[in-house]
There are 2 protein chains.
Amino acid sequence: MNQNRLDLVFSALSDATRRGMLEQLAAGETNVGTLGEPYDMSQPAVSKHLRVLERAGLIRRTRQGREHRIRVDPRPIEEASTWIGRYARFWKQQFDAVDAYLKARADEARTRSRTKAKEQDKR
Amino acid sequence: MNQNRLDLVFSALSDATRRGMLEQLAAGETNVGTLGEPYDMSQPAVSKHLRVLERAGLIRRTRQGREHRIRVDPRPIEEASTWIGRYARFWKQQFDAVDAYLKARADEARTRSRTKAKEQDKR
DNA sequence: CTGATTCATAACCGAATGGTTATATAACTG
DNA sequence: CAGTTATATAACCATTCGGTTATGAATCAG
């Protein structure tokens, strides 16, 4: 399908191994072997995970002799964070609004609990 | 593989159709048919996308007659937002620190070059 | 009851995913 | 030079994914 950047980033982040690699890279750039050490998988499997992260633009690599130094490129993460953050904020706000509404209604009900009979809800 | 919650959420978000559905749901809860209208795909395909969102905990459904009312559950998105937000903030901070360092070094180099020029004058 | 509407499920298909082993390439080491 | 090390690539495999068509089940309308 039409794989845009956001698709690739979220897809790359959907694997715990790859998220772990990114977190490991937060401690500083390393080579491929070191990145793969924590995981019980073959070297080609590690190589594939890195290729996925690279295709998503989440890492960059530079050759230093026979080693590949891997470092994070924070820009695509920033993009994804923006999307998801905007969305999360919207729902937090919705939740807070409903919360405030319910609280207000509870207060109101308390103050005129004897005068009011029954409220009809809309929708 | 060992599919934890974060895996499922990011995986669900990695498809533009599903992200679109979530955005559509921000306008309020709807039924399955309405959710699928914007997309050029069969009804079972829509149903499958909803199942993916549901497995990830991103939506909830309630039956009303023959219709299914779909609404967002914002909690898993909040979780994902937390992970990615923390990560994005870390890298922004790193970037800012490097930026500040480079700027400081540039300033220092500027003053040093003036000093060096003076010393050469002395010679 | 009959027929239409809303949705899910089953069965299938091709492509992508995540893993493997085996092999290739390039750089370092003695 | 030969041997070791770091990494990628190829070929393969099972599973998942995103789509399809066909069918089923429940509810609504006349």
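Within every chain, numbering begins at 1; the chains are lettered A, B, ... in the order of the sequence lines, protein sequences first and strands thereafter. Both backbone and side-chain heavy atoms feed into the values below; hydrogens, waters and symmetry mates do not.
Summarising the geometry, the separation between CG on A:Leu13 and P on C:dT17 is reported as 14 Å, rounded to the nearest angstrom. Taking atom CG of residue A:Leu50 and atom C1' of nucleotide C:dG19, one finds them 15 Å apart after rounding to whole Å. Spacing between atom CG of B:Leu53 and atom C1' of D:dG18 amounts to 13 Å, rounded to whole angstrom units. Here the P atom of nucleotide C:dT17 and the CG atom of A:Leu8 are 9 Å apart, to the nearest Å. Following rounding to the nearest Å, A:Asp15 (CG) and C:dA16 (P) show an atom-to-atom distance of 18 Å. Atom pair A:Met41:CE and C:dG18:C1' shows a separation of 8 Å (rounding to whole Å applied).
For A:Glu78, the side chain to side chain contact (heavy atoms under 4.5 Å, CB included) criterion is met by A:Thr82, B:Ala88, not counting sequence neighbours. Remark: B:Glu79 engages no residue in a salt bridge (charged side-chain N to carboxylate O under 4.0 Å, His left out) (not counting sequence neighbours). Contacts of B:Arg75 classified as salt bridge (charged side-chain N to carboxylate O under 4.0 Å, His left out), with partners at least two apart in sequence or in another chain: B:Asp73. Remark: A:Arg89 engages A:Arg86 in a side chain to side chain contact (heavy atoms under 4.5 Å, CB included) (not counting sequence neighbours). By the salt bridge (charged side-chain N to carboxylate O under 4.0 Å, His left out) test, B:Glu67 is found to be paired with B:Arg69, residues two or more places apart in sequence or in another chain being considered. Residues satisfying the side chain to side chain donor-acceptor pair (under 3.5 Å) test with A:Ser42, not counting sequence neighbours, are none.
Between A:His68 and C:dA26 there is no side-chain N or O to OP1 or OP2 distance below 4.0 Å. Look at A:Ser42 and you won't find any side-chain N or O under 4.0 angstrom from OP1 or OP2 of C:dG19.
Looking at heavy-atom distances under 4.0 Å, A:Arg18 makes contact with sugar-phosphate atoms alone, never a base.
Comparing B:Ser47 and A:Asp40 against DNA chain C, the residue whose closest nucleotide sits nearer the 5' end is B:Ser47. Each of A:Lys48 and B:Lys48 lies near DNA chain D, and the nucleotide nearest A:Lys48 is the one positioned closer to the 5' end. Ranked by how close their nearest DNA chain C nucleotide is to the 5' end, A:Arg55 and B:Arg63 are led by B:Arg63.
Taking only side-chain atoms of B:Arg51, from C-beta outward, the nucleotide of C:dG19, D:dT7, C:dT9 with the closest atom is C:dT9.
For the pair A:Met41/A:Val46, a side-chain contact is recorded, criterion being any heavy-atom separation below 4.5 Å from C-beta on.
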Name every donor-acceptor pair, under 3.5 Å, that has one atom in a side chain of residues 16-23 of chain B and the other anywhere in the protein, sequence neighbours excluded.
unit_1, atom_1, unit_2, atom_2, d
B:Thr17, OG1, B:Asp15, OD1, 3.4
B:Arg18, NE, B:Ala12, O, 2.9
B:Arg18, NH1, B:His49, ND1, 3.1
B:Arg18, NH2, B:Ser11, O, 3.4
B:Arg19, NH1, A:Asp7, OD1, 3.0
B:Arg19, NH1, B:Leu13, O, 2.7
B:Arg19, NH2, A:Asp7, OD1, 2.7
B:Glu23, OE2, A:Trp83, NE1, 2.9

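When every heavy atom of B:Pro74 is checked against every heavy atom of A:Trp91, the shortest pair comes out as CB-CB, 3.4 Å.
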Revision key, fill the gap. Quick tally for nucleotides 23-30 of chain D: nucleotides whose base has a protein heavy atom under 4.0 Å get B, sugar-phosphate-only ones S, the rest -, giving ----BS--
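Of all the residues in residues 20-39 of chain A, not one reaches under 4.0 Å from DNA chain C with any non-hydrogen atom.
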